[in-house]
Protein chains: 2
Amino acid sequence: MFKADIFPSIRIRKTPFWDRVVEAGVKSCSVYNHMLMPVRFETYDIDYFHLKEHVQLWDVSCERQIEVTGQEATKLIELLSPRPIKNLRIGKCLYFPVVDQHGGMLNDPVLLKLSETRYWISIADSDYLLWVLALVAAYNLNVKVFEPDVSPLGVQGPKSDELMSRVFGSSIMDLKFFEFQAYEFAGKEHFVSRSGYSKQGGFEIYVEGFENGIPMWDTLMEAGEDLSVRAGGPNYPERVEGGLLSYGTDITLNNNPFESGLGKYCDVNSTPKCLGYEALKRVFENGWEREIRSLDVEGDKVPLCHVPWKVTADGEFAGNVTSITWSPGFKTNVAIGMIEKEFWNPNTEVLVHAPDYPRKAKVRDKFFI
Amino acid sequence: MFKADIFPSIRIRKTPFWDRVVEAGVKSCSVYNHMLMPVRFETYDIDYFHLKEHVQLWDVSCERQIEVTGQEATKLIELLSPRPIKNLRIGKCLYFPVVDQHGGMLNDPVLLKLSETRYWISIADSDYLLWVLALVAAYNLNVKVFEPDVSPLGVQGPKSDELMSRVFGSSIMDLKFFEFQAYEFAGKEHFVSRSGYSKQGGFEIYVEGFENGIPMWDTLMEAGEDLSVRAGGPNYPERVEGGLLSYGTDITLNNNPFESGLGKYCDVNSTPKCLGYEALKRVFENGWEREIRSLDVEGDKVPLCHVPWKVTADGEFAGNVTSITWSPGFKTNVAIGMIEKEFWNPNTEVLVHAPDYPRKAKVRDKFFI
């Protein structure tokens, strides 16, 4: 690979927590939604075991929000996704695959219902705001759509309940998975949800106002000193073994939600207002040719994966691997790939063409958890 | 600032030229349209003087193309911008500010007319594709819109005519500024335009097919050995002194084209089909409150600029500086800023609030060229 600085500019936005991230010794970062995202502080292995044992603060400011407010907010939201929102209650989060008119995935955000006329779409890495704004322009909808000054701070790991209780009070323990509620901090209300981009449990604090970032960070760090709290970030091995998809890596505009393994979130019959309704109904009825799978890949640690690696079975094309890394916990290479129908059954033996040498691999029935 | 690796993933795309970029010793890079962009190989100063004297190859693959093809291609293009395309000939490029229905800038691409029913929109850093695709979906237009497998390679600097003649033949010298034509290389046609993100003259080769990247790079490097050709990239001091705007840095969705200094490209009277027509007509008639300006900033070298720096005049708010750096050629700090009307006249004296100490500055009538 290569070693190079990221050139600092306004275009690649600094986060409210960034000064603390630098002080914590960030070693590797990414750019996500035109914003810096720290992903490594020690080695991925050390970060991984710490995350599974203690609690970490994650600067995930780059999970930007699209706020949709107004009389036609629900009407607009219903255009976007094949997932029904009819029964969605205020204070609930919903994993929300969003598609174009051909059923292609435009992003895989989380939807938060703030009121009957107000939503946040918490987006993955694409300027999905532009798609939503264009629909507002074309259909002349009576809504306001914009990116609010909100920066999520992840609190992830098994000790996150304890840490969050100390700062926000023990009532936060009652929050169920994918529920959110407003909590006061520094004289301002901030939504807190039980959610996050890890399988280790935890919360996301939607910090309102850039200026509240550092005080929030410092308060949590101080309160968690005896819990070994430290800075962290989305951990590559932990996300790949746990099957947390990365939009732009594992799924793109060329994939529909069924291929993306998100079929269970698509009720194509009850969402006729979705722009992709007709297309997805056809996919649902006729079936699809490939789907996301977890793979267990033999051999020693694989190199870094910067382009899709071909997968074959008996010399035939069987798909691509898009995320792959050594799991220090499961002591094997774990992968996410888009596997052709003929080969997607559990225990199918395939060959993953890593750039160093091809490795035997097995398609799994579920992710490593 | 900070030192950190960029985590390699498929989401941050590798370019066709990337192996050569790494071999050339890239020192600093950026992420642009979800793709790596090299911006520094030695110091910015060394790169700057080399660019002004010799010729450089720039991996600007990240200038992605949006291809619009079909019967309603022109109809769609006319929705996008207040710049008329009625007289645009095939083989011409056009700087093409694109706006939403409120006149806000969504990107500042270059439009290439390939045929009467085929265009490329060569975009700056935003997923403008999503805006265009949404309009196609909403208006049900008879066009195909997609990102082709095309990666621009910049050939920039005073010796670029000589280098390009050697590879593509001397007819390439007849190409006028912002004209393009197809040239054969390795049995395939590639468009070449006289254009680029520097003021030193040069070309952009729209390399067709990822697999042709390395052969194109190697051929140019070999042909230019005695011309001191080497790898380069958009040079920060050269772009800021020359007034080449950066979308996301100097201009955003919050600015209209008049504020962005692009008023001369907007004929709001003759482009009623543009979605921002009504809004921009109002701006044109009523005037605007701030506009992009070049500034000459006193004092020694300024630090890196990662957030907008406030500009004041006699204690009053006068605007923001968004790009600022030491120019090794002009031996002063050069800046681009959005300056309030009251202070935008040439020679107005202002104070730029750099994070180390405030510096006296002067608003200029034009950029440094």
Side-chain angles (χ1 to χ4, degrees), chain A residues 1-14 18 21-22 26-32 34 36-40 100-102 104 106-107 125-140 146-147 236 246-250 253 275-276 304-308 322-323, chain B residues 1-14 18 21-22 26-32 34 36-40 100-102 104 106-107 125-140 146-147 236 246-250 253 275-276 304-308 322-323:
Chain A
M1 298 312 296
F2 69 103
K3 293 261 171 196
D5 300 338
I6 297 181
F7 178 68
S9 72
I10 290 172
R11 187 173 55 75
I12 296 181
R13 296 175 284 181
K14 204 173 152 170
W18 198 253
V21 166
V22 173
V26 60
K27 298 275 191 313
S28 189
C29 64
S30 190
V31 175
Y32 196 99
H34 310 276
L36 290 164
M37 170 170 65
V39 295
R40 182 171 66 86
D100 68 5
Q101 74 274 33
H102 308 297
L106 293 162
N107 201 294
D125 185 35
S126 80
D127 296 336
Y128 185 58
L129 177 63
L130 297 187
W131 173 274
V132 180
L133 285 174
L135 294 187
V136 173
Y139 295 131
N140 200 16
F146 62 99
E147 185 185 293
Y236 189 47
S246 165
Y247 184 78
T249 302
D250 306 311
L253 184 53
L275 278 179
L304 290 166
C305 177
H306 206 159
V307 293
T322 45
S323 296
Chain B
M1 296 313 296
F2 69 102
K3 293 260 172 196
D5 299 338
I6 297 181
F7 178 68
S9 72
I10 291 173
R11 186 173 54 74
I12 297 182
R13 295 176 283 179
K14 205 173 152 169
W18 196 253
V21 166
V22 173
V26 60
K27 298 274 190 311
S28 188
C29 63
S30 189
V31 175
Y32 196 98
H34 311 277
L36 291 164
M37 170 170 63
V39 295
R40 183 170 66 85
D100 69 5
Q101 74 275 33
H102 308 296
L106 292 164
N107 201 293
D125 185 33
S126 80
D127 296 336
Y128 185 59
L129 177 63
L130 297 187
W131 174 273
V132 180
L133 286 174
L135 294 188
V136 173
Y139 294 131
N140 199 17
F146 62 100
E147 186 185 292
Y236 189 46
S246 166
Y247 184 78
T249 302
D250 306 310
L253 185 52
L275 278 178
L304 290 166
C305 176
H306 206 159
V307 293
T322 45
S323 296

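In what follows, chains are A, B, ... by sequence order, proteins preceding strands, each numbered from 1.
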(request) Check each atom of Pro308(B) against the heavy atoms of chain A and say whether the ones under 4.5 Å are side chain, backbone, both or neither. (result) both

(message) What part of Tyr139(B) gets within 4.5 angstrom of chain A, counting heavy atoms only: side chain, backbone, both, or neither?
(response) side chain

(message) Could you check whether any side-chain heavy atom of Leu130(B) comes within less than 4.5 Å of a side-chain heavy atom of Ser126(A), counting everything from C-beta outward?
(response) yes

(message) With a 4.5 angstrom heavy-atom cut-off, is it the side chain or the backbone of Asp125(B) that approaches chain A, or both, or neither?
(response) both

(request) Under 4.5 Å heavy-atom distance to chain A, tell me which part of Tyr247(B) shows up: side chain, backbone, both or neither. (result) backbone

(request) Before giving the answer on side chain to side chain contact (heavy atoms under 4.5 Å, CB included), spell out for His306(A) and Leu36(B) the whole-Å C-alpha distance, their side-chain angles and the decisive distance to 0.1 Å. (result) CA-CA 11 Å; His306(A) 206 159; Leu36(B) 291 164; 3.6 Å; yes

(message) With rounding to the nearest 0.5 angstrom, report the CD1 to OG distance, Ile10(A) to Ser323(B).
(response) 6.0 Å

(request) Specify which of Leu135(B), Leu275(B), Asp100(B), Leu133(B) makes the most heavy-atom pairs with chain A at under 4.5 Å. (result) Leu133(B)

(message) Among Val136(B), Val132(B), Asp127(B), Asp250(B), which residue has the highest count of heavy-atom pairs closer than 4.5 Å to chain A?
(response) Asp127(B)

(request) Can you see which heavy atom on Ser30(B) is nearest to which on Ile12(A), and at what distance? (result) OG-CD1, 3.3 Å

(request) Could you look at Lys14(B) and say if it's the side chain, the backbone, both or neither that has a heavy atom under 4.5 Å from chain A? (result) both

(request) Counting only heavy atoms closer than 4.5 Å, note whether Thr322(B) contacts chain A via side chain, backbone, both or neither. (result) both

(request) Using non-hydrogen atoms and a 4.5 Å limit, figure out which bit of Val39(B) sits close to chain A: side chain, backbone, both or neither. (result) side chain

(request) State the NZ-CZ distance between Lys27(B) and Phe7(A), to the nearest 0.5 angstrom. (result) 16.0 Å

(message) In the structure I gave you, are the side-chain heavy atoms of Ser28(B) and Ile6(A) within less than 4.5 Å of one another anywhere?
(response) no

(message) Let's test your reading of the structure: which of Trp131(B), Tyr236(B), Tyr128(B) forms the most heavy-atom pairs below 4.5 Å with chain A?
(response) Trp131(B)

(request) Answer with side chain, backbone, both or neither: which region of Arg40(B) has an atom nearer than 4.5 Å to a non-hydrogen atom of chain A? (result) side chain

